Amino acid sequence: MRRDDPGDPDHTDFLAADHGGFRTRIRDLLDSLVSPNAEDWENERRISRSGWRSLGEAGLLSLSHAGPGFLHSAIFLEELGGLGFGGIRASVAVHAYMASSYLHLFGTEEQRQRYLPGARQGRLIAALALTESTAGSDLRDLVTRAHPTEHGYRVTGEKLYVANGSQADFLVTLATSRPPGDGNGLSAASLLVVDADAAGVSRHPEPMLGWHSADMCRVRLTDVDVGADRLVGRPDRALLHLVQALDFERLVAGMLAVGGVRHCLALLRAFVREHRVKGVPLGTHQAVRHRIAELETSYELVRHYGYRAAWLQATGRLDTRTASVLKLRATEMAVTAAQTCLQFHGARGYAADAVAARLYRDAMAGPIAGGASELLRDLVYETT
């Protein structure tokens, strides 16, 4: 289904006239490179290596993280979300934005030259290894340990829910240098780039309810030797870096969710026009029209707020409150829209292979990943 927007998709105070042509080009590229392969990647539980290279060759993995060019990234993220495959958008976002952002923001020039050109070309796949069984939204109970050695660190621990896990060439990894049980693990945590083919690294598939093509894995690190030159940013000061990077991640997640809502609403509008109940289209019922209208108005507000947040990032002024509000509202609205879509489709939408069911499964991950909604509400409250 061709993605259709209500009104002019680039009618916003934060986009210029030339952004419309860029959006058209991005849609054409996604329609040619991703849409024909999306079902296969969903079934294979990962984007293929050739798929990554195609995305890189098209320039879709090297869009700006900051400055005026980030508005192009915001358009790309919305359009990527608008494909309707949550696993693909999560996988690409982790690779091209979330994991890579730590190197962009805090990496050394040697680290950037070693990893980022290959990542932009799709030759090297990036993953982000932060979460543990006892450390998710709250990372204070971090137990993965980086023991200092003569030449760097020896890392031991286990990371969960690592997108791109089975194919990753490098993992941006969070570890503490505190001994086990010695206070808050995050207070002496560092970020390290771990080469995924290093001795002691093992990956194990971790199938999820949704995000099937995100290649989710559990990654075990057993006495992995990591050189001192793979330390990202300041030693034992990862908390400072995480605060900045997580705001960016939440902006990215919010724009993906905005695109996901748009796709869901397009599917819903088409269904109520075509599906007939008692001889008339479902959409002729006032209650149905009003429910969709509520979703449409909320979508317009969230989308406008999303581009405001993107503009703040482009001008170097993104703040925690704005990023948290966007991620909270966009991902929770995606759940509401997907639930409505599934409900209106009835039993056919509840079938395991139904599009409506996939949209619902994928949307449910949004309010969990990148900071649970409960955490974001606390952040919003604390920054009021």
Side-chain angles (χ1 to χ4, degrees), residues 45-47 49 52 91 94-95 98-103 106-108 110-119 123-136 139-208 214-239 241-242 245:
R45 302 270 174 163
R46 62 187 183 183
I47 298 174
R49 279 281 182 176
W52 283 112
S91 186
V94 165
H95 169 87
M98 298 177 182
S100 297
S101 71
Y102 288 92
L103 296 178
F106 315 116
T108 64
E110 189 277 333
Q111 289 168 352
R112 295 190 189 107
Q113 290 300 318
R114 182 181 183 88
Y115 295 106
L116 291 181
R123 293 186 297 102
L124 298 179
I125 299 174
L128 190 57
L130 302 182
T131 302
E132 300 178 5
S133 60
T134 58
L139 292 167
R140 286 177 295 182
D141 292 326
L142 185 73
V143 296
T144 295
R145 186 157 186 262
H147 177 77
T149 65
E150 182 180 355
H151 301 291
Y153 302 89
R154 183 168 296 115
V155 181
T156 296
E158 184 175 69
K159 297 295 184 177
L160 307 182
Y161 319 127
V162 179
N164 302 329
S166 77
Q167 295 191 101
D169 295 289
F170 65 94
L171 306 105
V172 177
T173 305
L174 182 66
T176 180
S177 58
R178 285 188 180 275
D182 185 14
N184 180 357
L186 194 55
S187 66
S190 300
L191 289 161
L192 300 163
V193 183
V194 177
D195 290 330
D197 62 355
V201 178
S202 61
R203 285 86 73 84
H204 310 273
E206 194 167 28
M208 309 299 286
D215 188 16
M216 288 290 190
C217 287
R218 176 187 302 258
V219 177
R220 291 195 180 98
L221 307 164
T222 306
D223 293 331
V224 181
D225 286 320
V226 179
D229 60 338
R230 305 303 165 84
L231 174 71
V232 180
R234 297 171 60 187
D236 299 335
R237 293 293 183 268
L239 178 59
H241 304 324
L242 287 169

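Remember, predicted model here, so these are calculated numbers, not experimental data.
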[Y] side chain reached by [X] side chain, heavy atoms, under 4.5 Å:
X	Y	answer
Asp215	Ser91	no
His241	Arg234	yes
Tyr102	Leu242	yes
Leu231	Tyr153	yes

Note to self: Under the criterion side chain to side chain contact (heavy atoms under 4.5 Å, CB included), I'd like the reasoning laid out for Tyr115 against Asp195: C-alpha separation, chi angles, the key distance, then a yes or no.
What the structure shows: CA-CA 10 Å; Tyr115 295 106; Asp195 290 330; 2.8 Å; yes
Checklist line | Pair Asp169 + Arg49, salt bridge at N-O below 4.0 Å | finding: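 Salt bridge present between Asp169 and Arg49.
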Test item: side-chain donor near acceptor, [X] and [Y], under 3.5 Å:
X	Y	result
Glu158	Thr144	no
Asp236	Ser177	yes
Ser202	His204	yes

Item checked: With Leu192, the side-chain contact (heavy atoms from CB on, under 4.5 Å) member among Val232, Val155, Val224 ->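 Going through the options one by one, the only one that passes is Val155.
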List the atom of [X], the atom of [Y], and the distance in Å for their closest heavy-atom pair.
X	Y	value
Ala99	Val172	O-CG2, 3.7 Å
Arg154	Asp225	NE-OD1, 3.2 Å
Glu132	Asp141	OE1-O, 4.3 Å
Leu142	Ala189	CD2-CB, 3.9 Å
Leu103	Arg112	O-NE, 3.0 Å
Ser101	Ala245	OG-CB, 4.4 Å

Looking only at atom types and distance, does a side-chain atom of [X] sit under 3.5 Å from a main-chain N or O of [Y], one as donor and one as acceptor?
X	Y	value
His95	Ala126	yes
Thr173	Val193	no
Gln111	Thr108	yes
Asn164	Ala127	no
Gln167	Ile47	yes
Thr176	Arg145	no
Arg230	Leu191	no
Arg218	Lys159	no

[X], [atom1]: over 12 other non-hydrogen atoms inside 6.0 angstrom:
X	atom1	value
Arg46	CZ	no
Arg45	CZ	yes
Tyr161	OH	no

Notebook entry, point to check: Are Val162 and Leu130 close enough, and set up right, to give a side chain to side chain contact (heavy atoms under 4.5 Å, CB included), and what steps lead you there?
Noted result: CA-CA 8 Å; Val162 179; Leu130 302 182; over 6 Å; no
